[in-house]
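Chain A is the first sequence line, chain B the second, and so forth, proteins listed ahead of strands; every chain is numbered from 1. The shown structure was predicted, so the numbers you read here are calculated from the model rather than taken from an experiment. The figures here come from the full heavy-atom set of this structure, side chains too, leaving out hydrogens, waters and symmetry mates.
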Amino acid sequence: MLWTHTFIPTLKETPADAEIISHQLLLRAGLIRKLTGGLYTFLPLGLRVLRKIETIVREEMNRAGALEVLMPALQPPEIWQKSGRYESARDVFFKARDRAKKEWILGPTHEEVITTLVANEISSYRQLPRNFYQIQTKFRDEIRPRFGLMRAKEFIMKDAYSFDASDEAAQASYQKMYDAYVRIFQRCGLKAMPVEADTGVMGGKFSHEFMVPAETGESEVAYCETGDYAANVEKAISRLPSAEPPAAEQNSRITQHASLPEKFATPGVLTIDALTKAPYNVPAEQQIKTLVYLVESKIVLILMRGDHQLNEAKLTGTLGTGNFRAATEEEIFSALGAHPGSLGAVSVTKFRVYADEMLRGGRGMTTGANEDGFHLRNVSVERDISVAKWAELRLVTAGEPCPACGQPLKIRRAIEVGHVFKLGAKYSEALEALFLDEAGKQQPAIMGCYGIGVTRTMQAVIEQCQDKDGIIWPISVAPFTVCITPLNINPGNPLILLAEKLYQELLSRGVDVILDNRDERPGVKFKDSELIGFPIRVGIGEKSLARGEVEIKRRGGVLIPIKAEEAVGKVLELLKQ
RNA sequence: CGGAGCGUAGCUCAGCCUGGCUAGAGCACUUGCUUUGGGAGCAAGACGUCGCAGGUUCAAAUCCUGUCGCUCCGACCA
């Protein structure tokens, strides 16, 4: 490709509406342009990167035995009603109407479509397993589009759906996709780590997310440096001892255990923190935090240890519904007769009480008395509170022991680029994707679904591979792998003649090469090639050519002077690495 | 949806608080000359409904009201 023939509008200055580095570089390097919030045009260079990522995804999906299809982006609402997701997913839908005023949905995902297909086409265990995938634009009415391609109204996703005759077979399909994902991200030059993930309201049993560590990521991952454990914080657990008092303190606690809850005045104390201070001196881990939620419009109490945080994703799992919110101050007061800061669950029987596992066995604890300005001490959780359900509800924090090996957990932010899900029979039952097994018995297919955010992956690569000068593309996804930079482009000049010769030779060997034949000063050409981040630059200038040499530079590496006739060989060698 | 901020040239921004000449700078763009190994210099030029609508005023980019859009923080996810 000749530079003057393609379109690469690089920007010297940082666009004001791009906050994170990868978004800035996407714009500055001339890869994308914004149409409006959450909607972007891929320019020629950006499209090349996208296509390369798609090719890697296709190759690995095909290798794993998945079959490519292309489903409609426009979907009838009926199949969503049938699957039962029409209501729960309504917030993400973009809807359209045809001339007859019938409603249509711009597909945010395709479980319903593929399951409908399979329901019609597959009827025997002999036709299973199957895995269908597509690479297609998805539409989601995001609450807040953000960070360029990271969270857009419209984005390109690879989505795959597996159908199996048994649970074990489904597990094997899942593993195949998991392995394929590891390869895909590796080939894209990304350091992505698979982490255990929450299944949320999807109700699946088993799920992993593929995370690219980055400060700008929207997710948080808890992991252990030994590599024994990694999980989304929504899902993460740790090996913290329960509220059972340590042996050394057992004696004093036993006496407290014998005594009954005792009310004491705590005027003006409204926080866990305030109660830890004099004259009360109650450590946070000896306090019970009482949270009030409205779950499907019913008041529910949630108890956590004072120093712990509620994890709403785990709450969703425990409640079996995502339809909840924190109660307002008025709702709390009318339910419990006290304001936040003085709440407790002792002798509360009117409302369902959920307690975090960490409170099990807790004695001598302090909690609100449901009377403004008073708390209760000497509370034994199991004796004094009627807990309807014990559950794992805590948000894990850094430093807690790894559940696998006991080493301290670390927490860091990450970008979710892929998600694999074991779905079970939820959709196949609802949409009647049934088959006859060997015994002639009708059964629903066991499903899995597997997504990769292709456009997001592109941005994640940039987020991970850049320096102060610009992008540093991995060879596998670079828009062009080699940029030839002659410093004089006048026709007939030895520099451009050599440049054209090298260009032709590299082209004939199938190298993605671009020739910077612009009439620009050297500084401009160097800056642009570094901003865009071509992995290899071949510089051709008068000084070195006088010695019969050209200059090869790996992006981010050192300059290698080399005889002109050896340049092509050297480039090919570098590309192999 | 709640909170914060911003809309002035293609881009980055000044001017607004305290209303007043023909609305500015840098970069980019056009032409010419010079320059030519790290985002060149000089000269000339082109580019604006100051987001939009309404109001206050002799006078509005500037003050007021409304509206639209964008960015950031929270709930959503690939």
Do Glu520(A) side-chain and G38(B) base share a donor-acceptor contact under 3.5 Å?
no

message: Any base atoms under 4.0 Å from Thr14(A), or only sugar-phosphate, or nothing? Heavy atoms, all strands.
response: sugar-phosphate

Residues pairing under salt bridge (Lys or Arg N to Asp or Glu O under 4.0 Å) where one sits in residues 182-192 of chain A, two or more places apart or in two chains, turn out to be Glu59(A)-Arg187(A), Glu60(A)-Arg183(A), Glu60(A)-Arg187(A)

Contacts of Phe210(A) meeting ring-ring contact (aromatic ring centres under 6.0 Å, His included) (sequence neighbours excluded), chain-then-number -> Tyr178(A), Tyr181(A), Phe185(A)

Rounded to whole Å, CZ of Arg33(A) lies from C1' of C11(B) at a distance of 10 Å

Any donor-acceptor pair under 3.5 Å linking the side-chain atoms of Asp159(A) with those of Gln136(A)?
no

Protein heavy-atom contacts under 4.0 Å, written 5' to 3' over nucleotides 39-46 of chain B as B (base), S (sugar-phosphate only) or - (none), form the string BB------

With 3.5 Å as the limit, what N/O pairs link the protein to nucleotides 50-53 of chain B?
none

Arg555(A) atom CZ is separated from G38(B) atom C1', nearest whole Å, by 13 Å

Salt bridge (Lys or Arg N to Asp or Glu O under 4.0 Å) pairs touching residues 22-38 of chain A, sequence neighbours excluded, are Asp17(A)-Lys34(A)

Numerically ordered, the residues 144-153 of chain A set in heavy-atom contact under 4.0 Å with RNA chain B is Arg144(A), Arg146(A), Phe147(A), Met150(A), Arg151(A), Ala152(A)

>> Could you check whether the side chain of Ser544(A) and the base of G37(B) have a donor-acceptor pair of N or O atoms closer than 3.5 Å, going by distance alone?
In response: yes

